[in-house]
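Residue numbers count from 1 along this sequence. Computed from heavy atoms alone, side chains included, the values below leave out hydrogens, waters and symmetry copies.
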Amino acid sequence: MGDSVARKKAPSGQLPMWRLLFRDKFATVAAGILLFILLVAAFGPWLVGDAATEQNLDESNLPPFSLDTGWMNILGTDPLGRSMLARLVVACQTTLLVSLPAVIISCIVGSAIGMWAGYHRGWRETTAMRVADVIMSFPSLLLAVVILYVFNPSAANIVAVLAITRIPIYLRTARAESAELQSRVFVDAARTFGASSNAILRGHVLPILLPTLLTVATLDFCYVMLAESSLSFLGIGIQPPDISWGLMVSQGRTYLQTAWWLSFFPGLAIVITTVSATILASWARIATDPGQRWRLTTPKARKRFFSSRKAVR
């Protein structure tokens with residue numbers, strides 16, 4: 001009997017991540033939406049073919065939710081008669097190809113510098129923090145606007161600018177955690193046994209920092225995507241003939257009175273993606289923290305308690 005009770009209790013604290021995810025309905029839906037968006041970005045442009053660029057002035061500004069001209073026009077058409085559904089799919093790939101590399105680059109560079117500075121302290125920490133303070137003293141979006149006005153607003157330049165402006169976020173987070181971990185007992189033990197600084201950072205500091213960095217990166221993805229959309233809306237982001245969600249909102253704003261769907265659907269895609277990423281980041285922060293993970297199993301435990309109490313009565 002004791003063994004059966006132990007088997008029942010053990011999984012609640014040691015469940016795999018995918019089972020913890022299924023226990024949270026909102027996080028499960030958010031993960032499903034983000035997975036669907038990634039699949040659309042990866043395979044969608046191949047499926048829609050040239051529908052995003054084919055023009056047909058006879059079908060200009062067709063309203064959505066009608067199958068009279070085919071399922072590709074289910075979300076309506078733009079002033080040139082191009083399918084809004086196909087353009088949303090292609091714009092999804094462009095938006096993610098800008099947002100994801102910017103987040104990945106800034107996370108890797110900022111985390112590496114932050115761990116190195118926090119572990120060694122001294123002049124390394126002072127130099128890294130002053131550089132981060134200089135970058136953060138300028139509003140990131142304003143700095144991006146100034147740089148992209150000077151240089152060509154290409155996708156590569158947008159990625160570089162957004163990555164540079166987001167480096168201090170990861171640098172400061174990694175520096176604070178690494179500075180606290182470098183005085184822990186297990187780090188002192190590894191240092192006593194002759195482990196190099198790089199080996200300690202890779203083997204002992206990084207695994208503890210990783211959940212926090214992934215949570216910050218998920219939230220930062222929302223900001224970067226909104227920043228890219230804002231730059232495209234201002235006309236210094238993605239340039240035609242390329243298309244992104246932000247550029248679609250910008251191009252459709254002059255037709256809000258007559259063709260609301262031109263800006264509504266790309267704006268809705270931005271909102272759904274950012275909200276889903278925020279919900280998943282909140283779940284990941286709890287799921288990766290051993291001290292908070294019990295919160296994901298509390299509702300079911302409480303439900304069993306009340307049902308057993310009713311059965312006793």
Side-chain angles (χ1 to χ4, degrees), residues 32-102 144-145 148-149 152-159 162 221-222 224-277:
I33 292 174
L34 291 177
L35 179 61
F36 174 75
I37 291 173
L38 289 176
L39 292 176
V40 168
F43 303 105
W46 173 71
L47 293 175
V48 300
D50 297 330
T53 56
E54 290 180 351
Q55 301 180 13
N56 186 355
L57 296 180
D58 293 333
E59 299 177 353
S60 175
N61 284 345
L62 290 179
F65 312 122
S66 175
L67 295 176
D68 295 339
T69 56
W71 68 271
M72 285 298 295
N73 294 337
I74 187 64
L75 296 182
T77 60
D78 68 355
L80 297 178
R82 296 173 294 190
S83 169
M84 281 293 296
L85 175 61
R87 288 174 64 79
L88 278 173
V89 169
V90 175
C92 176
Q93 184 183 68
T94 304
T95 300
L96 293 187
L97 285 178
V98 171
S99 303
L100 288 177
V145 169
L148 291 176
Y149 263 124
N152 182 30
S154 62
N157 288 340
I158 296 173
V159 171
L162 293 177
F221 167 76
C222 301
V224 171
M225 191 176 71
L226 291 173
E228 183 277 325
S229 301
S230 301
L231 292 173
S232 297
F233 183 84
L234 294 173
I236 55 174
I238 299 298
Q239 301 295 310
D242 294 331
I243 190 70
S244 69
W245 285 340
L247 183 58
M248 291 182 69
V249 174
S250 176
Q251 291 176 342
R253 73 183 187 275
T254 57
Y255 299 91
L256 288 177
Q257 298 293 331
T258 57
W260 54 268
W261 55 89
L262 298 179
S263 293
F264 175 78
F265 288 119
L268 181 63
I270 293 172
V271 171
I272 290 176
T273 305
T274 53
V275 170
S276 300

- [ ] May I have all residue pairs that pass side chain to side chain donor-acceptor pair (under 3.5 Å) and include part of residues 253-271, sequence neighbours excluded?
- [x] Ser250-Arg253
Task: Worked check of side-chain contact (heavy atoms from CB on, under 4.5 Å) between Met84 and Leu262 - done: CA-CA 7 Å; Met84 281 293 296; Leu262 298 179; 3.7 Å; yes
Task: CD1 on Ile37 to OG on Ser276, rounded to 0.5 Å - done: 6.0 Å
- [ ] State, yes or no, whether a side-chain contact exists between Thr77 and Ser60 at a heavy-atom distance under 4.5 Å.
- [x] no
- [ ] Could I get the full list of side chain to side chain contact (heavy atoms under 4.5 Å, CB included) partners for Val275, not counting sequence neighbours?
- [x] Val271, Ile279
Under 3.5 Å, which donor-acceptor pairs do the side chains of residues 49-59 form with other protein atoms, sequence neighbours left out?
| residue | atom | partner | partner atom | Å |
| --- | --- | --- | --- | --- |
| Thr53 | OG1 | Asp50 | O | 3.2 |
| Asn56 | OD1 | Asp58 | N | 3.2 |
| Glu59 | OE1 | Asn73 | ND2 | 3.3 |

TODO: Looking only at non-hydrogen atoms, find the nearest pair between Val159 and Pro101 and report the distance.
DONE: CG1-CB, 4.0 Å
Task: Close side-chain approach of Leu85 and Val48, heavy atoms under 4.5 Å - done: no
- [ ] Mind checking the OG1-CG spacing from Thr273 to Leu96? Nearest 0.5 Å is all I need.
- [x] 7.0 Å
TODO: Kindly write out the residues that satisfy side chain to side chain contact (heavy atoms under 4.5 Å, CB included) with Ala91, not counting sequence neighbours, or none if the list is empty.
DONE: Ile243, Trp245, Met248
Task: Pairing residues for Gln251 by the side chain to side chain donor-acceptor pair (under 3.5 Å) criterion, not counting sequence neighbours - done: Arg87
Task: Residues which pass side chain to side chain contact (heavy atoms under 4.5 Å, CB included) with Leu35, listed by chain and number, not counting sequence neighbours - done: Leu39
Open item on the list: Taking side chain to side chain contact (heavy atoms under 4.5 Å, CB included) as the definition, give me every residue that meets it alongside Leu67, ordered by chain and number, with sequence neighbours left out.
Closed with: Trp71, Ile74
Task: Ser99 OG to Leu162 CG distance, which is reported to the nearest 0.5 Å - done: 7.5 Å
TODO: Measure the spacing between SG of Cys92 and CG of Leu97 and express it to the nearest 0.5 Å.
DONE: 9.0 Å
Scan the side chains in residues 230-238 for donor-acceptor partners under 3.5 Å anywhere in the protein, sequence neighbours excluded, and list what turns up.
| residue | atom | partner | partner atom | Å |
| --- | --- | --- | --- | --- |
| Ser230 | OG | Leu226 | O | 2.8 |
| Ser232 | OG | Glu228 | O | 3.1 |
| Ser232 | OG | Glu228 | OE2 | 2.8 |
| Ser232 | OG | Ile238 | N | 3.2 |
| Ser232 | OG | Ser244 | OG | 3.3 |

Task: Side-chain touch Ser154/Asn157, heavy atoms, less than 4.5 angstrom - done: yes
Task: Pairwise side-chain contact, Pro64 with Phe265, heavy-atom cut-off 4.5 Å (strictly under) - done: yes
